[in-house]
Amino acid sequence: MPDSIPPGVILSVDIASQSLTLTNQGGEIVARYPVSTGLNGPGQADGSGCTPLGDHYVRARIGAGEPVNTVFRGRRPTGEVYSPGLAEAYPERDWILTRILWLCGCEWGQNRGPGVDTFRRYIYIHGTPDSEPMGVARSHGCIRMRNADIVELFDRVPAGTHVRIS
């Protein structure tokens, strides 16, 4: 875990506006994307289905080079490519598609450590079916994005990037 926030790009997730903003090290906005955060609102607790608040960083980048709509389970490609037919066959699945930015909390007792650990809760920024609404809290705690947007963001964001969720 970084001891301090490294200089460079910063991702800011605003739960109230359901948006993710990418800024460069000069503080200029580079891009803004609609997202979908936790249906249960903000919160830290294991099993809550909430999106954790505070300072995080991108601990792992998963899915580089995979086709758009690649289906992931347990952070591994399943060999499936999402389609409406696949969705119909598995209506209970929480679809994690295309790319994954796996987050780790920076604040002990807040979003890191027993009972509140973002990394151990498997909180990601990830792609979701393009039929899912953005700008509306609907996830199980992760930050969902359109597939084209997560590909663009993934290509701009290195491991270690600071992520502020508020």
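Within a 6.0 Å sphere centred on CZ of Arg120, heavy atoms belonging to other residues, nucleotides or ligands number 12 at most.
Formation of a donor-acceptor pair under 3.5 Å by the Trp102 side chain with backbone atoms of Phe119 is found in this model. Side chain of Thr51 to backbone of Gly141: a donor-acceptor contact under 3.5 angstrom is found. Side chain of Glu107 to main chain of Arg112: no donor-acceptor pair is present (N/O by atom type, distance under 3.5 Å, no hydrogens or angles). Between the Asn40 side chain and the Ser48 main chain, a donor and an acceptor come within less than 3.5 Å of each other. Using modelled atom types, one side-chain atom of Asn111 and one backbone atom of Leu53 make a donor-acceptor pair closer than 3.5 Å. Judged purely by atom type and a 3.5 angstrom limit, Thr78 has no side-chain atom pairing as donor or acceptor with the backbone of Arg73. Proximity of a side-chain donor or acceptor of Arg146 to a complementary backbone N or O of Glu132 within less than 3.5 Å is detected.
Closest approach of Trp95 and Ala87 over heavy atoms only: CZ2-CA, 3.7 Å. Summarising the geometry of Gly43 relative to Arg121, their closest heavy-atom pair is O-NH1, 3.4 Å, with the distance given to 0.1 Å. The nearest pair of heavy atoms linking Thr70 to Pro77 is CG2-CB, 3.8 Å. Nearest approach of Ser36 to Pro133, heavy atoms of both residues: CB-O, 3.9 Å.
If you take SG on Cys104 and NE2 on His56, they are separated by 8.0 Å, rounding to the nearest 0.5 Å. Here Ile100 contributes atom CD1 and Ile123 contributes atom CD1; the two are 12.5 Å apart, rounded to the nearest 0.5 Å. A distance of 10.0 Å separates OG1 of Thr128 from CG of Asn69, quoted to the nearest 0.5 Å. Between the NE2 atom of His126 and the CG atom of Leu101 there is a distance of 10.5 Å, given to the nearest 0.5 Å. In this structure, Met134 CE and Asp149 CG are separated by 8.5 Å, a value rounded to the nearest 0.5 Å.
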>> side-chain contact (heavy atoms from CB on, under 4.5 Å), that's the test. Do His162 and Asp55 meet it? Break it down for me.
In response: CA-CA 7 Å; His162 177 224; Asp55 290 313; 2.7 Å; yes

> Passes side-chain contact (heavy atoms from CB on, under 4.5 Å), Gln18 versus Thr37? Steps please.
Replying inline: CA-CA 7 Å; Gln18 294 292 295; Thr37 62; 2.7 Å; yes

> What's the verdict on salt bridge (charged side-chain N to carboxylate O under 4.0 Å, His left out) for Arg144 and Asp94, showing C-alpha distance, side-chain angles and the deciding distance?
Replying inline: CA-CA 11 Å; Arg144 296 177 177 173; Asp94 179 25; 2.9 Å; yes

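When only modelled atom types and interatomic distance are considered, Thr98 and Glu66 share no side-chain donor-acceptor pair under 3.5 Å. If you check the side chains of Tyr124 and Arg75, you find a donor sitting under 3.5 Å from an acceptor. Looking at Arg164 and Ser12, their side chains never bring a donor and an acceptor atom within 3.5 Å of each other.
With a 4.5 Å cut-off on side-chain heavy atoms, Tyr82 and Arg93 do not count as touching. By the 4.5 Å heavy-atom criterion applied to side chains, Ile10 and Thr161 are not counted as neighbours. Within the 4.5 Å cutoff, side-chain heavy atoms of Ile125 are placed close to those of Ile150.
Under the 4.5 Å side-chain heavy-atom criterion for ILVMFWY residues, a single connected hydrophobic cluster contains both Leu20 and Val30. Ile62 and Leu103 end up in different hydrophobic clusters when Ile, Leu, Val, Met, Phe, Trp and Tyr side chains are linked at under 4.5 Å. Linking ILVMFWY residues whenever their side-chain heavy atoms come closer than 4.5 Å, directly or via other members, places Val35 and Val163 in the same cluster.
When each of Ile165, Thr21, Leu153, Ile143 is paired with Leu11, the side chain to side chain contact (heavy atoms under 4.5 Å, CB included) condition holds for Leu153 and for no other. Of the residues Val68, Asn147, Asp130, Val81, the one that meets the side chain to side chain contact (heavy atoms under 4.5 Å, CB included) test with Leu97 is Asn147.
In this structure, Arg61 is positioned above the aromatic face of Phe154, its NZ or CZ under 6.0 Å from the six-membered ring centre and within 45° of the axis.
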